[in-house]
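For reference, the structure discussed in these notes is given below.
Being a predicted model, the structure only gives us computed values, none of them experimental.
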Amino acid sequence: GYDAACELAEFSRMAEKLAQDHWPGALTLVVNARAEAPLAEALFGEGRSLGIRIPDHPTTQALLAAYGAPLAASSANKSGEPPAHSAQEALAALGDALALVLDGPCDPQAPASTVVDARGETLRVLRQGSVMV
């Protein structure tokens, strides 16, 4: 949950408030990774930033509980491409690049998560989704 996210990244007061109000849920926060975060350099974006989300989907929640640690994962689509709404669509879009596909119930009508850059003094919505910020 949020405590695990705080071990990986630094949260401003605004980011902390958003996380408390919307996690678990459809909100991805872009925050600065902690210098001591136990992640490979390859996972960090420019400026050592991370997009962190704690989803409320029961299958994902069960996977996270069983694994017992945060997971580094990508969206099931290439940047700029439409999102995959099934395991079959993810395989069609990403093919051999996938190490694992978890097939579970998905609502193809559900809007994407809202992505907010919370690294600076001002929040910046990068993608408006189901969470209104």
### Message
Using 0.5 Å steps for rounding, measure from the CG atom of L63 to the NE2 atom of H57.
### Response
11.5 Å
### Query
If every non-hydrogen atom of G129 is compared with every non-hydrogen atom of T114, which pair is closest and at what distance?
N-OG1, 2.9 Å
### Value rounded to 0.5 Å, distance of CZ in F11 from CD in Q20
10.0 Å
#### Entry: Side-chain (Q61) to main-chain (P55) donor-acceptor, under 3.5 angstrom
yes
### Task
Show your reasoning for whether side chain to side chain contact (heavy atoms under 4.5 Å, CB included) applies to L27 and R53.
CA-CA 6 Å; L27 174 69; R53 179 173 173 208; over 6 Å; no
### Query
Minimum heavy-atom separation for I54 to Y2, with atom names?
CD1-N, 3.5 Å
## Note on the structure
Minimal heavy-atom distance between N32 and R119, with the atoms involved, is OD1-CD, 3.4 Å
### Message
With rounding to the nearest 0.5 angstrom, report the CG to CG distance, L98 to D96.
### Response
8.5 Å
### Query
Is there a donor-acceptor contact under 3.5 Å from the side chain of Q128 to the main chain of V131?
yes
### A87 to D103 - nearest heavy-atom pair and separation
CB-CG, 3.5 Å
### Message
When you measure from the side chain of E89 to the backbone of H85, do you find a donor-acceptor pair of N or O atoms at a distance under 3.5 Å?
### Response
yes
### Query
Measuring from H22:NE2 to S113:OG, what's the distance to the nearest 0.5 Å?
12.5 Å
### Query
Side chains of I52 and W23: does their closest heavy-atom pair fall under 4.5 Å?
yes
### Query
Tell me, which pairs form a salt bridge (charged side-chain N to carboxylate O under 4.0 Å, His left out) where one or both residues lie in residues 18-32, sequence neighbours left out?
K17-D21
### Positive for side chain to side chain contact (heavy atoms under 4.5 Å, CB included) with V115, one of V125, L29, T28
T28
### Query
Counting distance only, does the side-chain N/O of R34 pair as donor-acceptor with the main-chain N or O of C6 below 3.5 Å?
yes
### Task
List for me each residue that meets side chain to side chain contact (heavy atoms under 4.5 Å, CB included) alongside L123, sequence neighbours excluded, and say none if there are none.
M14, L18, V116, A118, V133
### Query
Does a side-chain heavy-atom distance below 4.5 Å link P70 with L8?
yes
### Task
List the steps and the verdict of side chain to side chain contact (heavy atoms under 4.5 Å, CB included) for L50 and V30.
CA-CA 5 Å; L50 292 171; V30 178; over 6 Å; no
### Contact list for residues 123-133, test salt bridge (charged side-chain N to carboxylate O under 4.0 Å, His left out), sequence neighbours left out
D117-R124
